[in-house]
Amino acid sequence: MARTTDRAQRGGHSGVSIEDVAAAAGVSTATVSRAVRGLPRVSPATRAKILEVAGALGYVASSSASGLATGRTKTIGVLAPFVSRWFFSKAIEGADRELHARQYNLSLFNLGGHGSHRERLFSKTMVYKQIDALLVLCMALSHDELDHLQKIDIPLVVVGGHVEECAYIGIDDYAAASTAVKHLIDLGHRDIALLHGDDETDLNFDVPRVRILAFQDVMAAAGLEVRPEWDEWGDFTLRSGQEAFRRLWGQPGPKPTAIFCASDEMAMGVIFEAQRVGVRVPEDLSVIGIDDHDFSDAMGLTTVGQRPDEQAELGTKMLLDELLGITGSVQSAVAPHQLIVRRTTAPPRS
């Protein structure tokens, strides 16, 4: 008698699991998943055998019995740690643009910023939702999570940075941060502070670390001191930029003439708080960020720009092409970045 599992319940049937179908057909669970979803890399003979076995056992891979014929839900999942922050909202916009053009739906999985529902989301929701592919925004995946996704064998792309074991699309964060710091040095700044990301939401992502390393390396190459008292952290939000500036300016001793911020939102927070206490930007303090946020132009913020909507759009196109059977469509790609000089950086006062 077939055993009942959580996986068996996802299609509304009971008593038959994907493991039961795999055992009866003499194939792996990943092959069953690909066959019933209509994904590529399954031979016609194997697919026919699996569908016959699944039908005989009463296994249905989607909420409707007709789904067994194609296995496709025409839905791509987008996993985001936040939806309110600029990068993520722009990336979702880009993904949705490509999906709409290809007549696919978007299913958003929001971790809510703190990963509190992360285990539940990976163990149940994603499988039950029957997505055809997954776009992950700016977060790493644990080995357990990768194993889980590999069991259902869906195409996967990470957008926004490097992740081991996954195809990823994003700017070269080391090069982008280096460009920002070199701009300040080329203007003549020698006393430069760092406001880096230190996200405590257990996302385990390497973008903050890479941007810190770039700052340190560029400063060392220029023979400039990295002062630990000028090393500040934030969580990529405007408020954290304000708080970081208050901590930095509240210290005794000399002040920096410039600050490299690892995101535009933190840079905006620095500018707002500096103006509040009478520190002029850029006369007293030059400020540069990374992103080219929608508000950066209006604020005159010098930044290293990127296009998260285009990154996500490209990643989504890769996923959909892979689903069409174009083998090798999903692959890593480096997105462009560009120094955009505006009003918040200038040579230091002599």
Side-chain angles (χ1 to χ4, degrees), residues 82 84-90 113 176-200 207-208 211-212 214-215 218-219 224-306 308 337-350:
F82 306 92
S84 58
R85 296 187 188 177
W86 177 81
F87 184 98
F88 304 103
S89 63
K90 297 298 286 188
S178 297
T179 296
V181 181
K182 287 175 182 176
H183 171 67
L184 297 175
I185 294 173
D186 290 345
L187 286 172
H189 291 279
R190 298 296 178 264
D191 300 317
I192 304 173
L194 169 66
L195 173 50
H196 59 82
D198 185 21
D199 207 322
E200 297 179 344
V207 169
R211 294 181 183 179
I212 293 169
F215 172 81
V218 172
M219 292 287 283
L224 302 179
E225 180 184 2
V226 175
R227 303 179 65 141
E229 68 271 25
W230 291 351
D231 182 303
E232 286 293 345
W233 60 271
D235 64 2
F236 296 98
T237 63
L238 189 147
R239 175 174 291 182
S240 71
Q242 292 178 288
E243 294 170 349
F245 179 84
R246 286 197 291 268
R247 291 193 301 267
L248 180 64
W249 233 251
Q251 298 175 8
K255 300 292 187 287
T257 62
I259 181 167
F260 161 55
C261 303
S263 81
D264 280 4
E265 289 189 47
M266 292 196 294
M268 292 177 197
V270 167
I271 293 168
F272 286 142
E273 196 64 19
Q275 292 174 339
R276 191 183 68 82
V277 299
V279 175
R280 299 172 300 167
V281 176
E283 293 85 355
D284 303 322
L285 179 70
S286 283
V287 180
I288 189 170
I290 290 182
D291 277 336
D292 198 24
H293 188 285
D294 289 355
F295 297 159
S296 296
D297 187 27
M299 289 192 63
L301 176 63
T302 297
T303 187
V304 177
Q306 63 170 324
H337 65 268
Q338 177 187 10
L339 176 65
I340 303 170
V341 179
R342 296 190 179 109
R343 300 189 303 273
T344 61
T345 54
R349 289 186 301 170
S350 54

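We're numbering straight along the sequence, starting at 1.
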Would the H196 and W233 ring centres measure less than 6.0 Å apart?
no
Would you say the side chain of M219 lies within less than 4.5 Å of the side chain of V181, judging by non-hydrogen atoms?
yes
Checking side-chain hydrogen bond (donor to acceptor under 3.5 Å, both in side chains) for the pair S286/T345: CA distance, chi angles, key distance, verdict?
CA-CA 4 Å; S286 283; T345 54; 5.5 Å; no
Do F245 and L195 touch side chain to side chain, with heavy atoms closer than 4.5 Å?
no
Does R342 form a salt bridge (charged side-chain N to carboxylate O under 4.0 Å, His left out) with D292? I'd like the steps, not just the answer.
CA-CA 11 Å; R342 296 190 179 109; D292 198 24; 2.9 Å; yes
Close side-chain approach of D264 and W86, heavy atoms under 4.5 Å:
no
When you look at I185 and L224, which way does the side-chain contact (heavy atoms from CB on, under 4.5 Å) test go after all the steps?
CA-CA 9 Å; I185 294 173; L224 302 179; 3.9 Å; yes
Determine the interplanar angle of the F295 and H293 rings, folded into 0 to 90°, and report it as parallel if under 30°, tilted if 30 to 60°, perpendicular if over 60°.
tilted
Could you check V270, V281, I259, L285 and say which one makes a side chain to side chain contact (heavy atoms under 4.5 Å, CB included) with T344?
V281
Looking at F82, I'd like to know if the NZ or CZ of R85 sits under 6.0 Å from its six-membered ring centre while staying within 45 degrees of the ring's axis.
yes
Return yes when atom CZ of R239 has more than 12 non-hydrogen atoms of other residues, nucleotides or ligands closer than 6.0 Å, and no otherwise.
no
Salt bridge or not for K182 and D186, using N-O below 4.0 Å?
no
Would you tell me whether S263 and D291 have side-chain atoms, one donor and one acceptor, within less than 3.5 Å of each other?
no
Quick one: do E273 and R246 make a salt bridge, cutoff under 4.0 Å?
yes
Quick one, T257 and L184 - any side-chain contact, counting heavy atoms below 4.5 Å?
no
